[in-house]
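One structure below.
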Amino acid sequence: MKTPNILAGLAALFFVFAVAPSPATAAESVSIKGILILASNDAGPTDSSLSKVEPTLRRLFKFEGYRQVGRTSTRVDVPGKGQLTFGGDVLAIETTGDGGGTVRARVTWRRGDQTVINTTVRMKPGVPTLLGGPSARGGKGNLIVILEVD
């Protein structure tokens with residue numbers, strides 16, 4: 001009789017699903033890179049490191065010049081928390097999974113004790129996410145952050 005074989009197969013299948021972590025509970029880790037940019041109306045060449053995003057920067061923000069002033073990265077669990085620090089500007093990042101390789105993140109940009117931006121973004125590997133930020137210290141232009149997830 002084949003009943004014991006069927007029962008053994010069902011028991012094995014149950015064991016696999018009961019023991020294996022589900023995608024919803026398994027933590028994944030992602031690398032988030034941040035590039036801090038000073039955007040100003042001072043004419044001049046844009047940093048060559050920004051050549052891939054220069055057309056998007058010009059279309060969205062309408063400044064004359066873009067210069068990279070900082071670069072940093074962090075590794076964050078999904079879900080989890082991390083931060084990117086650019087001198088006195090700190091981006092606190094709280095991630096959640098969104099499925100399909102997309103990382104959903106709440107981003108809080110702080111300058112000292114002041115919250116300058118509080119937003120939620122969806123990041124995909126290979127697609128830069130741009131955040132227009134506060135005025136630069138000294139008032140000569142604005143800061144922009146590019147976030148990239150790997």
Side-chain angles (χ1 to χ4, degrees), residues 9 12-150:
L13 191 60
F14 174 78
F15 180 78
V16 167
F17 284 109
V19 174
S22 71
T25 60
E28 106 181 68
S29 179
V30 294
S31 174
I32 299 176
K33 292 183 271 188
I35 300 171
L36 185 65
I37 298 168
L38 173 62
S40 71
N41 285 321
D42 295 338
T46 298
D47 277 355
S48 60
S49 64
L50 303 174
S51 62
K52 289 190 331 189
V53 294
E54 180 181 9
T56 304
L57 288 168
R58 290 194 182 284
R59 183 173 44 84
L60 293 175
F61 298 106
K62 313 285 189 208
F63 287 96
E64 295 293 320
Y66 299 91
R67 185 169 51 94
Q68 178 180 310
V69 293
R71 178 184 289 262
T72 189
S73 65
T74 188
R75 184 157 282 288
V76 182
D77 286 339
V78 180
K81 295 180 181 182
Q83 71 178 30
L84 298 171
T85 303
F86 302 99
D89 291 286
V90 176
L91 276 73
I93 301 170
E94 185 175 349
T95 63
T96 59
D98 214 12
T102 301
V103 176
R104 185 170 186 229
R106 176 181 206 94
V107 180
T108 304
W109 187 335
R110 290 191 191 99
R111 179 174 281 171
D113 292 337
Q114 181 183 8
T115 296
V116 210
I117 292 178
N118 192 10
T119 190
T120 301
V121 297
R122 287 191 169 100
M123 299 181 285
K124 288 187 174 191
V127 180
T129 300
L130 283 72
L131 295 176
S135 296
R137 296 181 196 278
K140 268 203 139 181
N142 281 64
L143 297 176
I144 299 168
V145 167
I146 299 174
L147 299 174
E148 292 184 16
V149 65
D150 290 333

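Start at 1 with the first residue, then count along the sequence. Below, all heavy atoms of this structure are taken into account, side chains as well, without hydrogens, waters or symmetry copies.
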Can you give the donor-acceptor pairs under 3.5 Å from side chains of residues 141-150 to other protein atoms, not counting sequence neighbours?
residue: Asn142; atom: ND2; partner: Gly133; partner atom: O; Å: 3.4
residue: Asp150; atom: OD2; partner: Lys33; partner atom: NZ; Å: 3.4

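- Every side chain to side chain donor-acceptor pair (under 3.5 Å) that Ser49 has, sequence neighbours left out, goes to Gln68.
- The shortest heavy-atom contact between Ile117 and Gly132 is CD1-O, 2.8 Å.
- For the side chain to side chain donor-acceptor pair (under 3.5 Å) test, no residue two or more places apart in sequence or in another chain qualifies with Glu64.
- Atom CD1 of Ile37 is separated from atom CZ of Phe61 by 8.5 Å, given to the nearest 0.5 angstrom.
- Judged as a side chain to side chain donor-acceptor pair (under 3.5 Å), and not counting sequence neighbours, Thr74 has no contacts.
- Applying the side chain to side chain donor-acceptor pair (under 3.5 Å) rule to pairs touching residues 129-138 yields nothing, sequence neighbours excluded.
- A donor-acceptor contact shorter than 3.5 Å links the side chain of Tyr66 to the backbone of Leu57.
- Rounded to the nearest 0.5 angstrom, Leu50 CG and Thr56 OG1 are separated by 11.5 Å.
- Counting only heavy atoms from C-beta outward, the side chains of Lys140 and Ser40 never approach each other to under 4.5 Å.
- Residue pairs meeting the salt bridge (charged side-chain N to carboxylate O under 4.0 Å, His left out) criterion with at least one member in residues 100-119, sequence neighbours excluded, are Asp89-Arg111.
- Thr85 contributes no side-chain N or O that, together with a main-chain N or O of Val90, makes up a donor-acceptor pair within less than 3.5 Å.
- Legend: residues meeting salt bridge (Lys or Arg N to Asp or Glu O under 4.0 Å) with Glu54, ordered by chain and number and at least two apart, are Arg58.
- Counting only residues at least two apart or in different chains, salt bridge (charged side-chain N to carboxylate O under 4.0 Å, His left out) contacts with residues 116-134 comprise Asp98-Arg122.
- For the atom pair Leu38 CG and Asp47 CG, the distance stands at 10.0 Å (nearest 0.5 Å).
- Minimum interatomic distance between Trp109 and Leu131 (heavy atoms only, all atoms of both residues): CZ3-O, 4.0 Å.
- The NZ atom of Lys81 sits 13.0 Å away from the CD1 atom of Ile93 when rounded to the nearest 0.5 Å.
- Among all heavy-atom pairs drawn from Pro125 and Gly101, the shortest one is CD-O, 3.3 Å.
- When all heavy atoms of Ala105 and Met123 are compared, the pair lying nearest together is CB-CE, 3.8 Å.
- In terms of heavy atoms, Pro134 sits closest to Val116 at CB-CG1, 3.3 Å.
- Remark: side-chain polar atoms of Thr95 are paired, donor with acceptor, to backbone N or O of Asp77 under 3.5 angstrom.
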